[in-house]
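Just below is one structure, and these are the notes that go with it.
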Protein chains: 2
Amino acid sequence: MFEYIDRESVLTKSFLEEYQSHFRIESYPSKTVLLAQGQVAEKIFWIESGCMRIWLNKDGQEVTFQFFLENSLVASIESFWQSTPSLFTLETIEPTTVWVADKKDLKPLLDKTLQEEAYRNLFIDAIFQRTFDYMQRSLSFVQSTPEQRYLNLVEQRPELIKRIAQHYIASYIGISKVHLSRIKKKLLKS
Amino acid sequence: MFEYIDRESVLTKSFLEEYQSHFRIESYPSKTVLLAQGQVAEKIFWIESGCMRIWLNKDGQEVTFQFFLENSLVASIESFWQSTPSLFTLETIEPTTVWVADKKDLKPLLDKTLQEEAYRNLFIDAIFQRTFDYMQRSLSFVQSTPEQRYLNLVEQRPELIKRIAQHYIASYIGISKVHLSRIKKKLLKS
DNA sequence: CTAAATTGATAACAAATGTTATCGCTTTAG
DNA sequence: CTAAAGCGATAACATTTGTTATCAATTTAG
């Protein structure tokens with residue numbers, strides 16, 4: 001886990017060791033719910049291998065809002081940060097191995113880390129990046145057709161297209177699975 | 001301008017005075033472009049009175065992405081923070097009076113402010129709030145029908161519905177102006 | 001004050017998208 | 001290994017949504 005972070009960040013070794021001490025490794029089969037819609041997120045996950053999605057209920061149908069692959073940090077971020085009931089259910093969609101930590105252990109350490117200017121700036125940039133990602137996502141709905149959204153995904157996140165069942169992709173794009181199938185057929189012809 | 005901030009934040013008087021010294025007041029008529037799509041944002045605005053929107057071009061049509069009313073801080077946030085070309089055009093939609101500051105003057109002051117824990121936490125919370133807002137917006141497109149998105153707006157931002165022309169609202173919701181008119185008619189009947 | 005522009009509603013039609021059901025083909029569980 | 005579940009394609013049909021054009025009412029610019 002931390003070999004990866006090390007390549008990407010300026011976190012020093014001592015910080016890393018402190019963080020690592022709070023994480024434990026766990027494995028789950030596919031379709032395991034790690035956080036249910038309505039619960040408050042008390043844990044954070046680092047995906048070592050496998051894949052998850054967050055989804056929510058829309059008139060009895062599951063709508064997928066986001067995917068997470070290995071080497072990413074996952075939490076129901078708004079629930080984790082604000083201690084509000086999660087809007088989403090977090091569920092594995094492949095057999096998945098993660099590093100888990102409890103929020104109560106991590107929070108003091110994070111506050112300490114943010115005292116230091118370099119880390120603080122990294123942290124702020126990371127949140128901003130998240131903001132821009134969501135902005136782009138919102139934008140894609142008013143700016144692009146479903147076909148364009150699919151093509152963007154093919155270009156920008158080809159791993160998702162390869163690994164993830166098509167009906168999940170469809171709801172992520174905001175269309176029905178039948179319609180996505182039609183779009184693919186049309187694209188094949190042209 | 002700063003009377004307002006004062007009520008809402010923990011900024012001390014000395015900080016406020018330093019910030020205020022960088023702002024100047026300006027007024028524009030309706031339909032004034034303050035930042036064009038493709039330019040890098042070098043200014044930040046505090047709206048004293050009036051109303052703006054940010055929009056972008058979609059196949060020759062203007063699509064409205066966001067509105068800003070008085071007492072809010074406005075910039076093409078991703079352009080301002082990352083110094084990248086703005087995705088949006090910022091334009092007034094009413095006669096508008098703003099406080100303006102230049103990014104080059106504000107940045108050093110902001111860095112200094114963020115040294116202090118209380119301000120830093122405020123700042124981080126503010127960015128997170130922005131993230132959650134965009135998350136909700138993305139979510140609304142996969143989770144809700146256009147009619148539900150309109151009703152949410154009526155409930156949560158009634159000022160927008162009252163003040164802003166319907167065709168702007170329509171593109172903000174992600175539908176055509178004709179369709180919004182139809183939705184309103186249907187709602188009247190029920 | 002007056003002409004021009006903007007706004008919101010509406011109709012008629014076209015295109016996009018959803019729903020339901022069916023059918024092979026994989027994959028998974030036991 | 002075998003039965004069950006999951007998956008992707010497809011067809012038929014219903015519904016939603018977009019497009020274009022028109023009109024009356026209102027607002028704006030000069």
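Within the 4.0 Å cut-off from OP1 or OP2 of dT7(C), at least one side-chain nitrogen or oxygen of His167(B) is found. The phosphate of dA9(C) (OP1 or OP2) has no side-chain N or O of Lys185(B) nearer than 4.0 angstrom.
For the helix from dC1(C)-dG30(D) to dG30(C)-dC1(D), the angle separating the two terminal helix axes comes to 70°, with each axis derived from five pairs and the value rounded to 10°.
Atom CG in Leu187(A) sits about 15 Å away from atom C1' in dA9(D), given to the nearest Å. Atom-to-atom, CZ of Phe141(A) to P of dT17(D) comes out at 15 Å; the value is rounded to the nearest Å. Distance Ile93(A) CD1 to dT28(C) C1': 16 Å, rounded to the nearest Å. If you take CG of Asp59(B) and C1' of dG18(D), they are 13 Å apart, rounded to a whole angstrom. Counting to the nearest Å, the C1' atom of dT16(D) and the NZ atom of Lys186(B) are 10 Å from each other.
Residues Gln129(A) and Asp133(A) bring a donor and an acceptor atom of their side chains to less than 3.5 Å of each other. Checked by atom type, the side-chain pair Arg130(B)/Thr131(A) shows no donor-acceptor distance below 3.5 Å. Judged by distance alone, the side chains of Ser86(B) and Ser76(B) do bring a donor and an acceptor atom under 3.5 Å apart.
Without hydrogens or angle criteria, Thr92(A) side chain to Lys31(A) main chain gives a donor-acceptor distance under 3.5 Å. Between the side chain of Ser181(A) and the main chain of His179(A), no donor-acceptor pair closer than 3.5 Å is present. No side-chain donor-acceptor contact under 3.5 Å links Glu48(B) to the backbone of Asn71(B).
Nearest nucleotide to the Lys31(A) side chain, out of dG6(D), dA9(C), dA11(C): dG6(D).
Positionally, the nearest nucleotide of DNA chain D for Gln166(A) lies more toward the 5' end than for the other of Gln61(B) and Gln166(A).
Within the model, atoms CG of Leu106(A) and CG of Asp111(A) stand 10.0 Å from one another, a figure rounded to the nearest 0.5 Å.
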Pick out the pairs of N or O atoms, protein on one side and nucleotides 22-25 of chain C on the other, that lie under 3.5 Å.
none

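Counted within 6.0 Å of NZ on Lys103(A), heavy atoms from surrounding residues, nucleotides or ligands total more than 12; the atom is thus considered enclosed.
Residue pairs satisfying the ring-ring contact (aromatic ring centres under 6.0 Å, His included) criterion with at least one member in residues 127-160 of chain B, sequence neighbours excluded, are listed as follows: Trp81(A)-Phe128(B), Phe141(A)-Phe141(B), Phe128(B)-Phe132(B). Annotation: salt bridge (Lys or Arg N to Asp or Glu O under 4.0 Å) contacts involving residues 181-190 of chain A, sequence neighbours excluded, comprise Glu147(A)-Lys186(A).
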- Message: Using ring pair (Phe, Tyr, Trp, His ring centres under 6.0 Å), reason through Phe65(A) and Tyr172(A) one step at a time and then give a plain yes or no.
- Response: CA-CA 5 Å; Phe65(A) 185 62; Tyr172(A) 176 77; 7.6 Å; no
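Residues from residues 168-182 of chain B lying near DNA chain D, meaning a heavy-atom separation below 4.0 Å, are Gly174(B), Ile175(B), Ser176(B), Val178(B), His179(B), Arg182(B) in numerical order. Within residues 144-165 of chain B, the residues approaching DNA chain C are Ala165(B), by heavy-atom distance under 4.0 Å.
Salt bridge present: Arg24(A) and Asp102(A) bring a charged side-chain N and a carboxylate O closer than 4.0 Å. Under the 4.0 Å criterion applied to side-chain N and carboxylate O atoms, Arg53(B) and Glu62(B) are assigned as salt-bridge partners. Salt-bridge annotation for Lys104(A) and Glu42(A): absent, with no side-chain N of the basic residue lying under 4.0 Å from a carboxylate O of the acidic one.
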